[in-house]
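Below, chains carry the letters A, B, ... as their sequence lines are ordered, and counting in each starts from 1. Everything quoted here is computed from the prediction, not taken from an experiment. Heavy-atom basis, side chains included; hydrogens, waters and symmetry copies ignored.
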2 protein chains.
Amino acid sequence: MDQPRPVFVDSETVVSERPRDHKAELRLWLRLLTCTTLVEDDIRSRLRARFDVTLPRFDLMAQLHKTPQGMTLGQLSSRMMVSNGNLTALVERLVDAGQIERRVSEADRRVVQVALTPSGEAAFADMAREHGDWIAGLFAGLSEAETEQLMRLLDKLKTSARSAMQAARDRTAP
Amino acid sequence: MDQPRPVFVDSETVVSERPRDHKAELRLWLRLLTCTTLVEDDIRSRLRARFDVTLPRFDLMAQLHKTPQGMTLGQLSSRMMVSNGNLTALVERLVDAGQIERRVSEADRRVVQVALTPSGEAAFADMAREHGDWIAGLFAGLSEAETEQLMRLLDKLKTSARSAMQAARDRTAP
DNA sequence: CGCGATTATTTTAAGCTTAAACTATCAGCC
DNA sequence: GGCTGATAGTTTAAGCTTAAAATAATCGCG
């Protein structure tokens with residue numbers, strides 16, 4: 001299987017053809033994805049069962065909780081790594097539910113500020129406590145040293161990915 | 001235990017006070033999520049730009065590629081970790097696009113088998129080659145040793161999460 | 001000042017995703 | 001043979017998500 005087929009290396013495509021098969025990286029990526037999906041699905045279903053709240057709503061409230069003075073939609077969008085248009089509807093639903101409030105900035109009338117309401121803050125506090133326990137439970141099989149090591153490696157991966165993405169961008173628009 | 005530092009339950013510290021603060025695990029989880037989202041979004045946008053295909057479609061085709069004899073929807077659902085109902089529509093679109101084909105099992109008429117068509121196989125082969133390069137590029141900042149280590153730690157995390165989820169299930173329905 | 005470029009957000013269309021209810025089929029059992 | 005329960009998929013309603021186009025406000029610069 002996968003016998004070393006002859007590869008015609010022209011000067012354009014040196015990086016990409018056969019030399020290495022990228023199998024290790026692909027397996028690592030799939031494993032990373034599996035872990036994330038596993039945790040995410042578990043948290044999603046617990047949030048629904050216990051608090052009748054969706055994961056995106058929880059995430060949004062968590063961001064606002066970290067910044068009590070509120071944030072603009074643009075900031076939220078980049079911190080949550082979701083598209084701008086996504087937030088419009090999500091924020092709308094949370095406003096309807098009385099958990100957050102929006103106000104147009106006076107300084108710049110394009111900007112919309114969003115913040116937790118007191119009731120949203122209280123609701124989030126309840127959820128966050130259990131959420132922390134759930135996460136801790138899911139990660140409980142890792143020792144403190146392993147946790148640290150994993151943190152370090154993921155940090156390195158984050159840096160690597162960002163730099164590869166930047167390089168690709170530079171290549172496209174030089 | 002439970003060092004009684006005076007904790008004022010204000011909006012800053014709600015997450016972190018009581019029995020243990022779970023802060024390290026929470027940060028680790030957020031970092032894991034960030035890495036996955038970063039890679040996933042990059043791959044998604046490249047697949048769209050380069051092949052005009054969505055990530056879920058690519059993932060489905062990747063699963064079928066690994067199993068040339070085809071799979072049932074149930075197997076696909078559990079391997080892809082998506083809901084059953086999700087697949088119905090996704091498969092429908094790929095059938096319309098001529099990339100895969102469905103046939104009802106003769107042995108058990110509830111079961112639907114799905115497999116790549118020759119043209120789907122060819123299309124996937126093209127995409128997979130570049131996809132592998134992209135992933136390798138994103139992970140290029142990690143040494144071989146680090147890749148292995150990360151793999152090992154994620155494996156451990158996977159085991160930990162699964163066992164925590166099983167424990168929670170046992171607690172609910174004993 | 002006024003105009004073109006930029007920035008922040010919303011809108012739109014298409015597609016993805018889930019949970020829950022539903023349909024159809026099968027397997028075991030008397 | 002005809003229940004009973006389990007299993008495989010589909011449907012439905014709601015919500016999430018994106019990319020791209022549109023709107024609206026601000027900024028920079030002549």
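At a non-hydrogen distance threshold of 4.0 Å, G85(B), N86(B), L90(B), R93(B) from residues 85-96 of chain B come into contact with DNA chain C.
Straight-line distance from the CG atom of L73(B) to the C1' atom of dT11(D): 14 Å, rounded to whole Å. One can place CZ of R109(B) at 15 Å from P of dT10(D), the figure rounded to the nearest angstrom. Between R46(B) atom CZ and dT18(D) atom P there is a gap of 18 Å when expressed in whole angstrom units. Between the CZ atom of R48(B) and the C1' atom of dC16(C) there is a distance of 12 Å, given to the nearest Å. To the nearest angstrom, P of dT17(C) lies 11 Å from CZ of R57(B). Atom C1' of nucleotide dT17(D) and atom CG of D59(A) are separated by 14 Å, given to the nearest angstrom. Atom CG in L76(B) sits about 14 Å away from atom P in dA8(D), given to the nearest Å. Note: CE (M81(B)) to P (dT18(C)) measures 11 Å, nearest angstrom.
Close to dT18(D), at under 4.0 Å from its OP1 or OP2, lies no side-chain N or O of T54(B). For dT6(C), the OP1/OP2 oxygens have no side-chain nitrogen or oxygen of R110(A) closer than 4.0 Å.
Position along DNA chain C of the nearest nucleotide to D108(B) versus R102(A) favours R102(A) as the more 5'-ward residue. Positionally, the nearest nucleotide of DNA chain C for T72(A) lies more toward the 5' end than for the other of T72(A) and R44(A). Nearest-nucleotide mapping onto DNA chain D: of N84(A) and E106(A), the residue sitting toward the 5' end is N84(A).
In this structure, T37(A) contributes its side chain and L33(A) its backbone to a donor-acceptor pair below 3.5 Å. A donor-acceptor pair is defined here as one N or O able to donate and one able to accept, closer than 3.5 Å; no such pair exists between the side chain of S160(A) and the backbone of L142(B).
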Which atom pairs, donor and acceptor, lie under 3.5 Å between side-chain atoms of residues 52-60 of chain B and protein residues at least two apart or in another chain?
| unit_1 | atom_1 | unit_2 | atom_2 | d |
| --- | --- | --- | --- | --- |
| T54(B) | OG1 | R57(B) | N | 3.4 |

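Side-chain contact check for Q166(B) and R169(B): at least one donor-acceptor pair (N or O, by modelled atom type) lies under 3.5 Å.
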Next on the checklist: Please determine whether salt bridge (Lys or Arg N to Asp or Glu O under 4.0 Å) holds for the pair R129(B) and D133(B), giving the CA-CA distance in whole Å, both sets of side-chain angles, and the decisive distance to 0.1 Å.
Outcome noted: CA-CA 7 Å; R129(B) 204 170 308 115; D133(B) 293 342; over 6 Å; no

Next on the checklist: Pair R44(B), D41(B) - check salt bridge (Lys or Arg N to Asp or Glu O under 4.0 Å), show working.
Outcome noted: CA-CA 5 Å; R44(B) 183 198 319 282; D41(B) 285 358; 3.6 Å; yes

Checklist entry - After noting the C-alpha distance and the side-chain angles of L138(A) and W29(B), does the key distance pass the side-chain contact (heavy atoms from CB on, under 4.5 Å) rule? => result CA-CA 10 Å; L138(A) 292 167; W29(B) 162 235; over 6 Å; no

